[in-house]
Amino acid sequence: MTQPSILFEAQDGYAVVTLNRPERLNSFNVEMHERLREAVSEIKRRDEVRAVLLTGAGRGFCAGQDLSDRAVKADAAPVDLGYALSTFYNPLIRTLRELPKPVISAVNGVAAGAGANLALSADIVIAARSASFVQAFCKIGLVPDCGGTYFLPRLVGTARAMGLALLGDRLSAEDAERWGLIWKCVDDAKLMDEARTLARELGAGPTRGFADIKRAIYASATSTLDAQLDLERDLQRELGKTADYREGVQAFLEKRAPKFSGR
Ligand code: LHQ
């Protein structure tokens, strides 16, 4: 029996989505895209799922597009790679960034091409020490996609972004942490425990506040101080009316841990 290309579990307020084509380093084919889209829709729909953890099965996180897939095979006839981006990759990246719940990627091994930028699209990226990031696109004559040309210069600056994109060298998880490309790098054996602890903590947090933190931080990439000050005022005004704000303040005054409902 063939294994499902996406594994999905939800408990304790968070979902774990595992890319599961380990024999191909979890590279994407159409079937895996479709299963992932279903998993993400379920996460969107279920209010009790308040955080997401994305990881890969086996020794890799994701090697990007499956280059042996019929849909992208470069043979005699020209192939429209824009179709795969419009249909699958771009909606995926947009949905994860706009998801009003925190997304964590636990990078368990190599993350290459679209797989690297999928990992970097998460709100928090935690990687195993043996993991690595490869902007492999230049090796096959392509540009970084899945938001790579947006994320890289913003995360590490133009000089490093350009080096990564033009050279396609492997960047170790330790260097990725040092460069500020990711949140942190941990020992391999600790990756999933740490990632689950984070997901549990975020899943039990003030979800509406978290959604607005995402919104404001991401808006700042293309915004001005003036606009951010206005946005912060507007978001704070709405968050001040939430049950979680009341609970947070009450818990502080009563010197106890808050119990956030996500509302
Ligand atoms: C693979 C792949 C793979 C198939 C490893 N496909 N089999 C978007 C829209 C439309 C079209 C085009 O692209 C895109 C976005 C993209 O993602 S373009 C970039 C696509 N990805 C790549 O170019 C990465 C290709 N892979 C590699 O460079 C290496 O495999 C990395 C650096 C990821 C890992 O290297 P190693 O650790 O040395 O592993 P390996 O190369 O031995 O791979 C293990 C197996 O996985 C191997 O199969 P085999 O049968 O020989 O054991 C590879 O052929 C297979 N594999 N990536 N993308």
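Just so it is clear, the structure is predicted and the values come from calculations on it, not from any experiment.
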Asks: For the pair T87 (side chain) and A84 (backbone), establish whether a donor and an acceptor sit closer than 3.5 Å, ignoring hydrogens and angles.
Replies: no

Asks: What residue among D175, D188, D187 forms salt bridge (charged side-chain N to carboxylate O under 4.0 Å, His left out) with R129?
Replies: D187

Asks: How long is the straight-line distance from CZ of R46 back to NZ of K101, given to the nearest 0.5 Å?
Replies: 9.0 Å

Asks: Would you name the heavy atoms of A127 and I182 that are closest together and state the gap between them?
Replies: CB-CD1, 3.8 Å

Asks: Check whether N108 reaches the backbone of L191 with its side chain - one donor and one acceptor, N or O, closer than 3.5 Å.
Replies: no

Asks: If you round to the nearest 0.5 Å, how far is CG of L120 from CG of L152?
Replies: 6.5 Å

Asks: Give the minimum heavy-atom separation between L53 and A195, together with the two atoms involved.
Replies: CD1-CB, 3.7 Å

Asks: Closer than 3.5 angstrom, by distance alone: can the side chain of S132 be matched with the main-chain N or O of S172 as a donor-acceptor pair?
Replies: no

Asks: Give me the one residue out of D123, V16, L202, V52 that meets side-chain contact (heavy atoms from CB on, under 4.5 Å) with I104.
Replies: L202

Asks: Going by heavy atoms in the side chains, are F88 and M32 under 4.5 Å from each other?
Replies: no

Asks: Would you give the length of the straight line joining atom CG of L67 to atom OG of S27, rounded to the nearest 0.5 angstrom?
Replies: 7.5 Å

Asks: L164 versus V134: any side-chain heavy-atom pair under 4.5 Å?
Replies: no

Asks: So, using side chain to side chain contact (heavy atoms under 4.5 Å, CB included) as the criterion, who are the partners of E23 when residues are at least two apart?
Replies: R21

Asks: Using every non-hydrogen atom in the two residues, find where I6 and A39 come nearest and quote the distance to one decimal.
Replies: CG2-CB, 4.3 Å

Asks: Any side-chain heavy-atom pair from P100 and T207 closer than 4.5 angstrom?
Replies: no

Asks: Looking only at heavy atoms, what is the nearest atom pair of R50 and F260, with distance?
Replies: NH2-O, 3.3 Å

Asks: Answer with yes or no whether the hydrophobic clustering places V156 together with V125; edges join I, L, V, M, F, W, Y residues whose side-chain heavy atoms lie under 4.5 Å apart.
Replies: yes

Asks: Is there a donor in the side chain of N117 and an acceptor in the side chain of Q135, or the other way round, less than 3.5 Å apart?
Replies: yes

Asks: Taking a hydrophobic cluster as the set of Ile, Leu, Val, Met, Phe, Trp and Tyr residues connected by side-chain heavy atoms closer than 4.5 Å, whether directly or through intermediates, do L85 and L92 fall within one such cluster?
Replies: yes

Asks: Transitively linked via ILVMFWY side-chain contacts under 4.5 Å: I124 with L19?
Replies: no

Asks: Can you tell me if R196 and Y14 form a side-chain donor-acceptor pair at under 3.5 Å?
Replies: yes

Asks: Please walk me through it: do S68 and R24 pass side-chain contact (heavy atoms from CB on, under 4.5 Å)?
Replies: CA-CA 10 Å; S68 64; R24 294 220 179 258; 3.7 Å; yes

Asks: Ion pair present between K259 and E247, side-chain N to carboxylate O less than 4.0 angstrom?
Replies: no

Asks: Roughly how far apart are E48 CD and D12 CG, rounded to 0.5 Å?
Replies: 11.5 Å

Asks: Please check: side-chain N/O of N26 versus main-chain N/O of G60, any donor-acceptor pairing under 3.5 Å?
Replies: yes

Asks: May I ask you to check whether over 12 heavy atoms, not counting those of Y218, lie within 6.0 Å of atom OH?
Replies: yes

Asks: Looking at E42, I'd like to know if its CD atom is crowded, meaning that more than 12 non-hydrogen atoms belonging to other residues, nucleotides or ligands lie closer than 6.0 Å.
Replies: yes

Asks: Which heavy atom of F151 sits nearest to which heavy atom of C146, and what is that distance?
Replies: CE1-O, 3.3 Å

Asks: Taking atom types as modelled and ignoring hydrogens, do the side chains of T18 and N20 form a donor-acceptor contact shorter than 3.5 angstrom?
Replies: no

Asks: Where is the tightest heavy-atom contact between R170 and V110, given as atom of each residue plus distance?
Replies: NH1-CG2, 3.8 Å

Asks: To the nearest 0.5 angstrom, please state how far the CD atom of E238 sits from the CZ atom of R208.
Replies: 7.0 Å

Asks: Treating T55 as the side-chain partner and A106 as the backbone partner, does any N or O pair qualify as donor plus acceptor under 3.5 Å?
Replies: yes

Asks: Are V249 and F252 connected into the same hydrophobic cluster when the rule is that any two of I, L, V, M, F, W, Y join if their side-chain heavy atoms are below 4.5 Å apart?
Replies: yes

Asks: If you define the side chain from C-beta out and look only at heavy atoms, does anything of C138 sit under 4.5 Å from L166?
Replies: no

Asks: Do L181 and E177 touch side chain to side chain, with heavy atoms closer than 4.5 Å?
Replies: no

Asks: Under a plain distance cut-off of 3.5 Å, with no hydrogens placed, do Y89 and Q65 share a side-chain donor-acceptor pair?
Replies: yes

Asks: L235 vs R215, test: side-chain contact (heavy atoms from CB on, under 4.5 Å). Steps then yes/no.
Replies: CA-CA 9 Å; L235 297 177; R215 197 174 143 196; 3.6 Å; yes

Asks: Could you tell me whether the side chains of Q228 and E232 share a donor-acceptor contact shorter than 3.5 Å?
Replies: no

Asks: Look only at the side chain of K139 and the backbone of L167, and say whether a donor-acceptor pair between them is shorter than 3.5 Å.
Replies: yes

Asks: What's the spacing between L36 CG and L54 CG if we round to 0.5 Å?
Replies: 7.0 Å

Asks: Should we count OH of Y245 as having more than 12 external heavy atoms under 6.0 Å?
Replies: no

Asks: Let me see the working for D193 and V186 under side-chain contact (heavy atoms from CB on, under 4.5 Å), right down to the final yes or no.
Replies: CA-CA 10 Å; D193 277 354; V186 298; over 6 Å; no

Asks: Taking S223 for the side chain and S220 for the main chain, is one N or O donor matched with an acceptor at less than 3.5 Å?
Replies: no

Asks: Taking L99's backbone N and O only, do any of them form a donor-acceptor pair with K44's side chain (distance below 3.5 Å, no angle check)?
Replies: no

Asks: Does E194 pair with K184 as a salt bridge, N-O distance under 4.0 Å?
Replies: yes

Asks: Backbone N or O of N29 within a donor-acceptor pair of the D66 side chain at under 3.5 Å?
Replies: no

Asks: Ignoring hydrogens and angles, tell me if any N or O in the side chain of R233 forms a donor-acceptor pair with the backbone of L229 under 3.5 Å.
Replies: no

Asks: Apply side-chain contact (heavy atoms from CB on, under 4.5 Å) to residues V107 and F133 and explain how you reach the verdict.
Replies: CA-CA 9 Å; V107 183; F133 297 82; 4.0 Å; yes

Asks: Give a yes or no on whether L25 and V30 share a hydrophobic cluster (residues Ile, Leu, Val, Met, Phe, Trp, Tyr; joining criterion: side-chain heavy atoms under 4.5 Å apart).
Replies: no

Asks: Assess whether atom CH2 of W179 is packed by more than 12 heavy atoms of other residues, nucleotides or ligands within 6.0 Å.
Replies: yes

Asks: Taking the six-membered ring for Trp, are F28 and H33 parallel (under 30°), tilted (30 to 60°) or perpendicular (over 60°)?
Replies: parallel

Asks: Does atom CG of D47 have more than 12 heavy-atom neighbours from other groups under 6.0 Å away?
Replies: no

Asks: Would R35 and E31 pass as an ion pair if we require N to O under 4.0 Å?
Replies: yes

